[in-house]
Amino acid sequence: MQMIEIEQLPGRYAPPLVKVGAKAIDEDSIAREMQYHPAASADEAKLSAARALVVRELLRQRAVELGLMAETDDEGDIDAAIAALLEQELDVPEPEEAACRRFFDADPERFSAPTRLAVRHILLAAAPDDAEARDAQYRLGETLIEELKAIPERFTEFAMRHSACPSKSEGGELGWLAQGQTVAELDRALQHLPEGLHDRPLASRYGWHVVSIDARAGGQRLPFEQVAERVRHTLREQATRRALRHYLLALEAEIGVEGVELDDDAAGSLMQ
C-alpha cells in the first residue's frame, strides 16, 4: 500500500494523511526528510521518507511510554532515547561460531579478497543524446583497436592524442581499480573481461572507452580465521534487522499507523 486516499473538499487539494497513533506527520516534515532518501522518482523518495518518519515516531512514542524520555523533550533527545529503547527491548543473540562457519562455507566467495584490475583506457567523448557523435567515436574506437592489435606499443600515443580523460597525460593509465572505483556502467563490464586489449569499445555515459586490462590481482578465497569477525558482523546485522523489523511491526499493530505501511525493510533507515 502506498499513501492512503482521504476525502477531498471540492476545489481543494488535501494531501494524504500520515498518522502514528494520534500524531500526524505533516507534508513539510516529509518533504524535508526526502533529501536523505534518494530514489528513482520523487514519489518513491516521498514514500521512503514517510516510512522513515513513521518508524522514528513509533519508537519515540514507545520510548515515552517506557519513561525513557518525556513527551515534551526536543528533537535532540530522541536519538539517545531510541538507542536506549532498542538496547532494552531488542534481544539479538551473538552468532555462535558453528553458525558463522556454516555461513562462510555456504558462500566463501563473499569473503574473498577484492579483485583489483590494472587498467588503461582511451576515452572517446560523446554525449549520451548525441547519436552522430557516438557513432563517429565508436568507429574511431574500432579503428584504434585494430591498430593496437597490430602494434600494442602505440596505446600511450593514442591515449595522449585522442583521450578526453585526464589520464591521457599518463598514457591512459588508471592504476589499480577495485570494484566501484569507476563509472558504474564501465565498472560492471570490467569485472568480466579477461586480461588484454578488449576487442570493441565499451560504452559509458561519457562516450566510448578503448580498454586494456594489463593485470588482475586478488579474488583469492580467504581462510575463515582471517574473516571471522566480518562473518560475525554480517550475521549479527542480519539478526538485528530481523528483530527490529518484527519489533516495528508489533508497534505498528499496537499504536496504529495510517497513510503508509511499513515494508519488509522497515528497519533499513535505522541500520544505515
Side-chain angles (χ1 to χ4, degrees), residues 2-3 13 27 30-52 109 112 114-219 263 265 268-269 272:
Q2 304 279 319
M3 310 296 278
Y13 169 70
E27 287 286 300
I30 295 173
R32 288 193 299 270
E33 178 71 15
M34 284 174 64
Q35 64 182 306
Y36 305 113
H37 302 271
S41 70
D43 285 344
E44 290 179 19
K46 185 174 183 180
L47 180 58
S48 180
R51 282 178 172 148
E109 288 80 9
S112 297
T115 299
R116 297 184 304 137
L117 305 173
V119 179
R120 288 180 294 162
H121 84 141
I122 301 168
L123 170 59
L124 306 173
D129 57 353
D130 191 338
E132 184 176 346
R134 290 187 77 86
D135 185 56
Q137 294 289 56
Y138 184 85
R139 290 196 303 272
L140 173 58
E142 289 183 312
T143 299
L144 295 179
I145 288 169
E146 289 305 310
E147 295 191 31
L148 288 169
K149 287 179 180 177
I151 312 176
E153 296 80 8
R154 300 192 70 185
F155 200 104
T156 296
E157 171 200 339
F158 288 166
M160 297 181 74
R161 283 173 53 191
H162 299 287
S163 184
C165 177
S167 66
K168 65 185 294 182
S169 62
E170 304 294 329
E173 296 267 3
L174 294 176
W176 286 94
L177 298 180
Q179 190 169 4
Q181 288 189 309
T182 188
V183 62
E185 52 268 36
L186 182 60
D187 184 61
R188 286 192 295 270
L190 291 176
Q191 303 308 311
H192 304 288
L193 297 185
E195 291 183 23
L197 178 70
H198 191 48
D199 60 3
R200 67 180 188 276
L202 295 175
S204 81
R205 70 197 71 175
Y206 300 113
W208 297 97
H209 303 256
V210 175
V211 169
S212 176
I213 296 181
D214 296 333
R216 183 184 298 268
D263 60 1
D265 193 30
S269 61
Q272 293 173 355

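- Atom OH of Y206 is surrounded by 12 or fewer heavy atoms from other residues, nucleotides or ligands within 6.0 Å.
- Taking CE of M34 as the start and CG of D43 as the end, the distance is 8.0 Å to the nearest 0.5 Å.
- Around CZ of R205, the count of heavy atoms belonging to other residues, nucleotides or ligands within 6.0 Å exceeds 12.
- Smallest separation of non-hydrogen atoms from A189 and L202: CB-CD1, 4.2 Å.
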K46/E27 under salt bridge (charged side-chain N to carboxylate O under 4.0 Å, His left out): CA gap, chis, key distance, verdict: CA-CA 9 Å; K46 185 174 183 180; E27 287 286 300; 2.9 Å; yes
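- Annotation: the span from T182 atom OG1 to H121 atom NE2 amounts to 7.0 Å, rounded to 0.5 Å.
- At distances below 3.5 Å, not a single donor-acceptor pair connects side-chain atoms of D187 with backbone N or O atoms of Q179.
- In Q35, the CD atom is crowded: over 12 heavy atoms of neighbouring residues, nucleotides or ligands sit closer than 6.0 Å.
- Heavy atoms only, all atoms of each residue included: R188 and H192 are closest at O-CD2, 3.1 Å.
- Judged by distance alone, with hydrogens and angles left aside, the side-chain atoms of T156 form no donor-acceptor pair with the main-chain N or O of E153 at under 3.5 Å.
- Partner of L197 under the side-chain contact (heavy atoms from CB on, under 4.5 Å) criterion, out of V210, V211, L144: V210 alone.
- Across all their heavy atoms, R216 and Q191 have their closest contact at NH1-O, 3.8 Å.
- For the pair S163 (side chain) and L123 (backbone), a donor-acceptor distance under 3.5 Å is present.
- Here the OG atom belonging to S212 is positioned 11.0 Å from the CG atom belonging to L117, to the nearest 0.5 angstrom.
- Nearest approach of A52 to E33, heavy atoms of both residues: CB-OE2, 3.9 Å.
- In this structure, L174 CG and L186 CG are separated by 8.0 Å, a value rounded to the nearest 0.5 Å.
- Distance check, rounded to the nearest 0.5 Å: CD of E173 to CZ of R120 gives 6.0 Å.
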Would W176 and Q181 satisfy side chain to side chain contact (heavy atoms under 4.5 Å, CB included), going step by step from the backbone distance to the final call? CA-CA 10 Å; W176 286 94; Q181 288 189 309; over 6 Å; no
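- Atom OG1 of T115 and atom CG of L177 lie 12.5 Å apart (nearest 0.5 Å).
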Could you walk me through whether E142 and R139 pass salt bridge (charged side-chain N to carboxylate O under 4.0 Å, His left out), step by step? CA-CA 5 Å; E142 289 183 312; R139 290 196 303 272; over 6 Å; no
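- With contacts defined as side-chain heavy-atom distances shorter than 4.5 Å, the pair Y138/L124 does not qualify.
- Under a 3.5 Å cut-off, the side chain of R134 and the backbone N or O of A126 do form a donor-acceptor pair.
- What you find for A203 and H209 is that their closest heavy atoms are C-CD2, 4.4 Å.
- Listed for the Q137 side chain is a donor-acceptor partner under 3.5 Å among the backbone atoms of A125.
- Across all non-hydrogen atoms, the minimal contact from D199 to K149 is CB-NZ, 4.1 Å.
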